[in-house]
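Side chains included, hydrogens not; waters and symmetry mates left out as well; all remaining heavy atoms used. Computed from a predicted model, the values in this text were never measured in an experiment.
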Amino acid sequence: MQAVLYDCYGGGPAGLKSSTPIYSHLFCYFYLLLSICCTSHAFLQHVEVPVPIPSKGEVLVKLEAASINPVDWKIQKGMLRPFLPRKFPFIPVSDVAGEVSEVGPGVENFKAGDKVVAMLNSLSGGGLAEYAVAKQSLTVPRPPEVSAAEGAALCIAGLTAHQALTQSAGLKLDGTDPRKNILITAASGGVGHYAVQLAKLGNAHVTATCGGRNVDLVKSLGADEVLDYKTPEGAALKSPSGQKYDTVIHCASSTPWSTFEPNLSANGKVIDITPGPGTLATYALKKLTFSKKQMVPLLLVPKGENLDFLVKLTKEGKLKTVIDSKYPLSEAEDAKFCAPVSEYGGEAYARCSVQSLWRWFCCSGEAWFLYVVFGESFMICVHSSGKKLFVSSGKTEISHVEVPVPTPSKDELLLKLEAASINPLDWRLQKGKARPILPRKFPFIPGTDVAGEVLEVGTGVGNFKAGDKVVAMLSVMGGGGLAEYAVVKQSLTILRPAEVSAAEGAALGIAGLTAHQALTQAARVKLDGSGPLKNILITAASGGVGHYAVQLAKLGNTHVTATCGARNVDLVKSLGADEVLDYKTPDGAALKSPSGQKYDAVIHCATYIPWSTFEPNLSAKGKVIDLTPLPSTFCNYAMQKLTFSKKQIEPLLMVPKGENLDFLVKLVKEGKLKTVIDSKHPLSKAEDAWAKSMDGHATGKIIVEP
């Protein structure tokens with residue numbers, strides 16, 4: 001049969017007219033070399049390939065129509081590599097309609113001669129051909145009232161619009177819902193024009209954006225108000241009638257969250273149907289900060305019953321397909337298969353982005369940012385000894401300078417510090433792991449967890465007075481803990497009883513609060529022991545967070561498995577762990593419980609461990625709470641949420657609360673929580689404490705004392 005395929009990444013429609021497949025591998029190799037040095041091209045070719053044979057649960061369809069979606073050329077450009085395509089050569093396109101020619105074993109709902117609409121597997125494609133094999137589960141009958149072109153157009157575009165509205169936005173298409181205000185961007189496009197019509201089947205007020213030439217079309221589809229996206233109001237997404245949107249079905253290209261946010265209702269959400277890394281990051285951040293307004297990436301999960309529903313709507317005249325143009329298979333290269341020519345392809349896009357960043361940084365006047373881009377150790381680490389400031393020149397050396405003693409403002413206290421503890425977060429900020437967000441400015445005094453004596457109180461402070469001994473947590477944004485004096489917020493300052501030393505109190509901040517939040521909020525362990533038995537794994541259990549997590553977990557009704565280095569096994573057992581694994585042994589590396597437990601929650605305090613190691617050790621609804629999440633954690637988190645996975649990884653963003661810090665101090669006072677101190681260092685030798693923390697093998701907490 002005739003088919004159109006490509007056999008490497010990139011190139012758009014340029015190679016479609018090629019009819020010399022004998023050279024395809026040579027050309028592919030040549031252009032793969034080009035992709036490394038400049039840009040990527042691939043020849044889409046008209047070739048003869050065997051007619052496929054249906055397997056169990058499949059039907060062979062003689063195609064009458066196929067529709068092209070943006071995902072098709074995005075796959076060709078390599079935007080989904082290394083996941084798609086799985087292999088080359090690859091026949092693109094998944095949305096088809098045609099006549100059943102043959103059925104495979106186990107197919108009962110179809111027979112030869114049936115007219116059908118089908119969605120092919122995106123992993124294998126196959127739609128730009130004369131014949132294709134489709135799964136029975138994603139094949140539905142096509143009535144005579146629905147043309148092949150209308151049917152083929154429905155799959156990805158129609159199903160995406162349907163899922164976005166019904167599942168993500170929670171809209172009932174029978175109109176029984178309370179009224180919702182919905183914005184649909186790019187409403188004249190494939191997904192958008194279906195979304196407008198489906199939304200109007202529900203009780204929705206629809207605002208839509210499109211180009212000026214399509215305003216009348218979008219109005220005819222049912223939109224209540226339409227914005228030309230090139231006008232100021234359209235670019236700002238402002239409803240002409242002043243509506244605040246309960247849901248945005250975002251079908252357009254990238255729009256920053258700052259544009260959406262002021263236009264959303266109190267619990268409004270943006271459903272991004274083509275999410276990029278920025279969307280996933282925003283989604284995770286909004287979830288972790290419990291924001292009422294949210295960005296939700298959509299991953300289409302196609303279902304045969306939903307496709308059948310759309311076909312029936314089309315038959316009944318309730319859903320109209322707008323067809324831009326039609327092309328014979330022999331001219332598939334003309335069917336807008338490529339992205340706009342203004343876009344870069346494959347590796348060239350990444351290269352151009354880096355070059356643009358280089359030019360931007362060079363022109364910005366912020367010379368140090370150039371070092372950020374290329375990973376140099378540039379950052380200025382600053383800490384102080386009262387009026388004496390130790391300033392790193394950007395490598396590791398530290399020198400002494402003078403700084404003023406800070407003055408407390410409203411709701412603040414000035415402390416004379418007696419102890420501060422160092423956390424991995426401190427040196428990660430120095431390494432630029434949180435740039436460009438933190439530090440906000442230089443020079444910067446690191447350190448957040450402190451204990452000391454109140455010297456002076458600012459206006460509005462009613463709970464403390466000069467002479468009080470306290471434990472406090474400084475803002476990560478402002479730092480200031482490695483000094484003789486520091487200003488702290490009243491809300492994150494608590495009284496320190498005589499039974500709790502300054503070192504014990506200073507150790508609690510980030511480490512103790514992180515362990516507490518991970519267990520009580522993320523893992524839902526009740527620390528009064530009243531909850532059901534939970535099996536908990538704690539990695540790096542001899543570290544700052546880990547050693548607190550073991551003890552707090554044992555206050556609840558838990559069986560605790562812990563990992564640590566061999567030298568700390570006895571220590572971790574003494575903290576209450578039921579079983580301890582040396583992480584360097586095979587069982588420890590595999591995280592296998594010696595007693596065969598499956599973990600309901602993992603408090604992951606260690607460095608990167610792949611999901612494939614966690615997954616087989618989790619219970620049916622087990623979760624991994626990652627305390628130092630990497631980008632891969634956020635991607636896994638988003639993907640598992642979108643696919644409704646029962647086993648999940650969850651990044652933890654610690655939100656400090658004064659009442660939780662007070663709870664921990666009381667536990668220390670009562671002897672129920674022990675602080676293991678690895679070492680103490682004078683402020684004049686703070687660089688030694690810094691280096692020990694960076695080494696990554698501290699047992700418990702590292703303390704600096706002025």
Exercise for review: For the residue pair His681 and Lys692, establish whether any side-chain heavy-atom pair is separated by less than 4.5 Å.
Suggested key: yes

Check your understanding: Counting N and O atoms only, with roles assigned by atom type, does the side chain of Tyr599 sit under 3.5 Å from a partner on the main chain of Leu591, one being a donor and the other an acceptor?
Key -> yes

Point to revise | Short side-chain to backbone donor-acceptor contact, Gln597 and Ile536, under 3.5 Å | key: no

Point to revise | Side chain to side chain, Val405 and Leu414, heavy atoms closer than 4.5 Å | key: yes

Exercise for review: Evaluate whether atom CE of Met694 has more than 12 neighbouring non-hydrogen atoms of other residues, nucleotides or ligands under 6.0 angstrom away.
Suggested key: yes

Exercise for review: Flag the pair Glu579 / His559 as yes when at least one side-chain heavy-atom distance between them is below 4.5 Å, and no otherwise.
Suggested key: yes

Exercise for review: Take Leu664 and Leu513 through the test side-chain contact (heavy atoms from CB on, under 4.5 Å) and record every step on the way to the result.
Suggested key: CA-CA 8 Å; Leu664 296 177; Leu513 289 173; 4.0 Å; yes

Check your understanding: Does atom NZ of Lys293 have more than 12 heavy-atom neighbours from other groups under 6.0 Å away?
Key -> yes

Exercise for review: Indicate yes or no for a side-chain donor-acceptor contact from Asp582 to the backbone of Lys584 under 3.5 Å, with no hydrogens or angles considered.
Suggested key: yes

Check your understanding: Quick one: does Asn557's side chain have a donor or acceptor within less than 3.5 Å of a partner on Gly531's backbone?
Key -> yes

Practice item. Would you name the heavy atoms of Ile677 and Ala503 that are closest together and state the gap between them? Key: CD1-CB, 3.7 Å

Practice item. Kindly indicate whether the side chain of Tyr548, heavy atoms from C-beta on, has any atom under 4.5 Å from the side chain of Thr675. Key: yes

Exercise for review: Measure the OG1-CG distance between Thr279 and Asp272 for me, rounded to the nearest 0.5 Å.
Suggested key: 3.5 Å

Practice item. Would you check if the side chain of Asn636 reaches a backbone N or O of Thr633 as a donor-acceptor pair within less than 3.5 Å? Key: no

Review point. Under 4.0 Å between a Lys/Arg side-chain N and an Asp/Glu carboxylate O for Lys465 and Asp468?
Key: yes

Point to revise | Worked check of side-chain contact (heavy atoms from CB on, under 4.5 Å) between Cys635 and Leu280 | key: CA-CA 7 Å; Cys635 289; Leu280 297 177; 4.3 Å; yes

Practice item. Using modelled atom types only, decide if a donor and an acceptor are shared between the side chain of Ser501 and the backbone of Glu504 within a distance under 3.5 Å. Key: yes

Study note, to complete from the structure: In this structure, CG of Leu537 is separated from OG1 of Thr558 (nearest 0.5 Å) by 12.0 Å

Practice item. Would you name the heavy atoms of Pro706 and Ala419 that are closest together and state the gap between them? Key: CD-N, 4.1 Å

Point to revise | Exercise: identify the closest heavy-atom pair between Lys269 and Ser168 | key: NZ-O, 2.9 Å

Point to revise | pair Gln517-Asn660: side-chain heavy atoms closer than 4.5 Å | key: no

Point to revise | Under 3.5 Å side-chain donor-acceptor pair for Arg428 and Thr628 | key: no

Review point. Short question: side chain of Lys647, backbone of Glu615 - any donor-acceptor pair under 3.5 Å?
Key: yes

Review point. Is Ser619 reaching over with its side chain to a backbone N or O of Lys598, donor-acceptor style, under 3.5 angstrom?
Key: no

Exercise for review: Would you mind reporting whether His516 and Leu527 have side-chain heavy atoms less than 4.5 Å apart?
Suggested key: yes

Review point. OG1 of Thr247 to CG of Asn267: how many Å apart, nearest 0.5 Å?
Key: 10.5 Å

Check your understanding: For the residue pair Asp449 and Ile510, what are the closest heavy atoms and their distance?
Key -> OD2-N, 2.8 Å

Study note, to complete from the structure: In this structure, NZ of Lys489 is separated from CG of Leu474 (nearest 0.5 Å) by 11.0 Å

Exercise for review: Just do the side-chain contact (heavy atoms from CB on, under 4.5 Å) check on Tyr583 and Thr539 with the steps written out, would you?
Suggested key: CA-CA 9 Å; Tyr583 75 93; Thr539 62; over 6 Å; no

Practice item. Could I get the full list of side chain to side chain donor-acceptor pair (under 3.5 Å) partners for Ser265, not counting sequence neighbours? Key: Asp246

Point to revise | Stepwise side-chain contact (heavy atoms from CB on, under 4.5 Å) check, Leu482 with Trp690 | key: CA-CA 11 Å; Leu482 288 188; Trp690 200 266; 4.0 Å; yes

Review point. So, Thr448 side chain and Ser475 main chain: donor-acceptor pair closer than 3.5 Å or not?
Key: no

Check your understanding: Leu519 and Ala549: which non-hydrogen atoms are nearest, and at how many Å?
Key -> CD1-O, 3.5 Å

Check your understanding: Can you tell me how far CZ of Phe634 sits from CD1 of Ile649, rounded to the nearest 0.5 angstrom?
Key -> 10.5 Å

Exercise for review: Look at the side chain of Ser693 and the backbone N and O of Ala689, then say whether any donor-acceptor pair between them is shorter than 3.5 Å.
Suggested key: no

Exercise for review: Could you tell me whether the side chain of Leu673 reaches within less than 4.5 Å of the side chain of Phe663, counting heavy atoms only?
Suggested key: no

Check your understanding: Side chains of His547 and Lys701: closer than 4.5 Å at any heavy-atom pair?
Key -> yes

Revision key, fill the gap. Shortest non-hydrogen pair, Lys286 vs Trp257, comes out as NZ-NE1, 3.2 Å

**Study point:** Distance in Å, Leu495 CG paired with Lys469 NZ, rounded so as to fall on 0.5 Å steps
**Key:** 12.5 Å

**Study point:** Contacts of type side chain to side chain donor-acceptor pair (under 3.5 Å), residue Lys666, not counting sequence neighbours
**Key:** Asp662

Point to revise | Heavy atoms of other groups near Lys592 NZ, more than 12 under 6.0 Å | key: no

Check your understanding: Residues two or more places apart in sequence or in another chain: which of them pass salt bridge (charged side-chain N to carboxylate O under 4.0 Å, His left out) with Lys554?
Key -> Asp578

Review point. How about Ser530 and Asp528: does a side-chain donor come under 3.5 Å of a side-chain acceptor?
Key: yes

